[in-house]
Visitor: 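What follows is a structure written as structure tokens; I'll ask about it next.
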Amino acid sequence: MRFQRRYWLFERLGWAVLILVIAAAAAGIFAGGPLSAAAAGGAAVSAEYERFARRGVDTRLTVTLSAHGTLRVQGADGFDVAAVEPRPAAVRSDRGGLAYDFATGDGTTTVTFRLTPRRWGMQHLRLAADAGAPATLDILVYP
Amino acid sequence: MDMVLNAAAVYVILMVMLRLAGRRTVATMTAFDFVLLLVIGEATQQALLGDDVSLTGAIVVIATLVILNVGMSLLKQRLPHLSCWLDGAPLIVVEHGRMLDARMRQARIDRDDVLFAARAAHGLERLDQIKYAILEASGGLTIIPVAGEGHARAAGRPDSPAA
């Protein structure tokens, strides 16, 4: 009976842990919720993204460039670029990363990336415009 | 967020659907029922995870389903009415060798099902050897023989013969 009581206690503790996991998931700890929404950057380049992502599940990244239509992206090795909207006029290799050239309209350029995480762990993305401070995004990718 | 809501929705939908299918369907398991169950599982899988291949996603979905199931069982314990609605209640279908036709028709059981269960569990041959035949909530038929008739099978589960 002592064993059974301990077992029941263990079972209840397990339920509590599972409820915590579900609550965390609902809040967005595992991507797709309020806790996951994040923003970074300054005047030159700013980004809205998700702090958390899951391996193989697309995550959205919206970048706003204040002026010139060139965006340099570094540290994106852990992601596949599933889509870029609008389509860049050109994509070049640039200092170990990629540079996207966009045809600019009224001055600011807003670009949406759909990224598929391929590697789990902490990923550091660096976004830079031609001038101004770059934006650094820290994205935790769950397995 | 989506994962938890998806899993909860699937849980509720499946619960209702399998209830509508009736306890017979769950218990009899003909080859077709078995295939049907597999196909239902396949369709459910799509709704649960979609193209989410991550381990984290799977863990969250499983945790949600398990907790919902535990919560449901706790709720049923407190509300017997809910338990009746979700699991059904045992139903007497044969009383002192007399078939209760209306009930059996509604429950989609026939004389052969009862005789099969009686043979399998107790080696009974005729209806009048049966004191009670009860359709259990789990979908099995329990046979209680008239005193002195048949033989109880030592190793058999009480509801093992499928209805």
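Being a predicted model, the structure only gives us computed values, none of them experimental. Every chain is numbered from 1 and lettered A, B, ... according to where its sequence line falls, protein lines coming before strand lines.
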Visitor: Using non-hydrogen atoms and a limit below 4.5 Å, what part of residues 60-68 of chain B faces chain A?
Guide: Val60(B), Ala63(B), Thr64(B), Val66(B), Ile67(B)
Visitor: Looking at His81(B), I'd like to know if its NE2 atom is crowded, meaning that more than 12 non-hydrogen atoms belonging to other residues, nucleotides or ligands lie closer than 6.0 Å.
Guide: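 Open: at most 12 neighbouring heavy atoms sit under 6.0 Å from NE2 of His81(B).
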Visitor: Does Lys76(B) NZ have over 12 foreign heavy atoms under 6.0 Å away?
Guide: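 Counting other residues, nucleotides and ligands, NZ of Lys76(B) exceeds 12 neighbours.
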Visitor: If you group Ile, Leu, Val, Met, Phe, Trp and Tyr by side-chain heavy-atom gaps below 4.5 Å, do Tyr49(A) and Leu35(A) land in one group?
Guide: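 Not linked; separate clusters.
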Visitor: Do Phe30(A) and Val4(B) come within less than 4.5 Å of each other through their side chains, counting heavy atoms only?
Guide: no
Visitor: Report the option among Gly56(A), Ala24(A), Ala26(A) that has the most heavy-atom pairs separated by less than 4.5 Å from atoms of chain B.
Guide: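 Among Gly56(A), Ala24(A), Ala26(A), the one with the most close pairs to chain B is Ala26(A).
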Visitor: Check whether Val81(A) and Trp120(A) end up in the same hydrophobic cluster, where Ile, Leu, Val, Met, Phe, Trp and Tyr are linked by side-chain heavy atoms less than 4.5 Å apart.
Guide: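 Yes, Val81(A) and Trp120(A) fall within the same hydrophobic cluster.
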Visitor: Does Arg12(A) CZ have over 12 foreign heavy atoms under 6.0 Å away?
Guide: yes
Visitor: With a 4.5 Å cut-off on side-chain heavy-atom distances among I, L, V, M, F, W and Y, is there a chain of contacts connecting Val57(A) to Ile139(A)?
Guide: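 Looking at the clustering, Ile139(A) is in a separate group from Val57(A).
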Visitor: Taking a hydrophobic cluster as the set of Ile, Leu, Val, Met, Phe, Trp and Tyr residues connected by side-chain heavy atoms closer than 4.5 Å, whether directly or through intermediates, do Leu55(B) and Leu48(B) fall within one such cluster?
Guide: no
Visitor: Picking from Ile19(A), Asp58(A), Val21(A), Val141(A), which has the most non-hydrogen pairs under 4.5 angstrom with chain B?
Guide: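 The residue among Ile19(A), Asp58(A), Val21(A), Val141(A) with the greatest pair count is Ile19(A).
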Visitor: Measuring heavy-atom distances to chain A, does Asp51(B) have an atom under 4.5 Å in its side chain, in its backbone, in both, or in neither?
Guide: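 The answer is the backbone of Asp51(B).
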Visitor: Are Leu100(B) and Val94(B) connected, step by step, through hydrophobic side chains (Ile, Leu, Val, Met, Phe, Trp, Tyr) whose heavy atoms are closer than 4.5 Å?
Guide: no
Visitor: Can you name the nearest heavy-atom pair linking Ser54(B) to Pro143(A), along with the distance?
Guide: CB-O, 3.6 Å
Visitor: Counting neighbours of CD on Gln4(A) that are heavy atoms of other residues, nucleotides or ligands and sit closer than 6.0 Å, is the number greater than 12?
Guide: yes
Visitor: Within this structure, what is the CD1-CZ distance for the pair Ile59(B) and Arg54(A), rounded to the nearest 0.5 Å?
Guide: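 Taking CD1 in Ile59(B) and CZ in Arg54(A), the distance rounds to 11.0 Å.
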Visitor: For Phe52(A) and Thr56(B), run side chain to side chain contact (heavy atoms under 4.5 Å, CB included): C-alpha distance rounded to whole Å, both residues' side-chain angles, the deciding distance at 0.1 Å, then the answer.
Guide: CA-CA 11 Å; Phe52(A) 305 108; Thr56(B) 317; over 6 Å; no
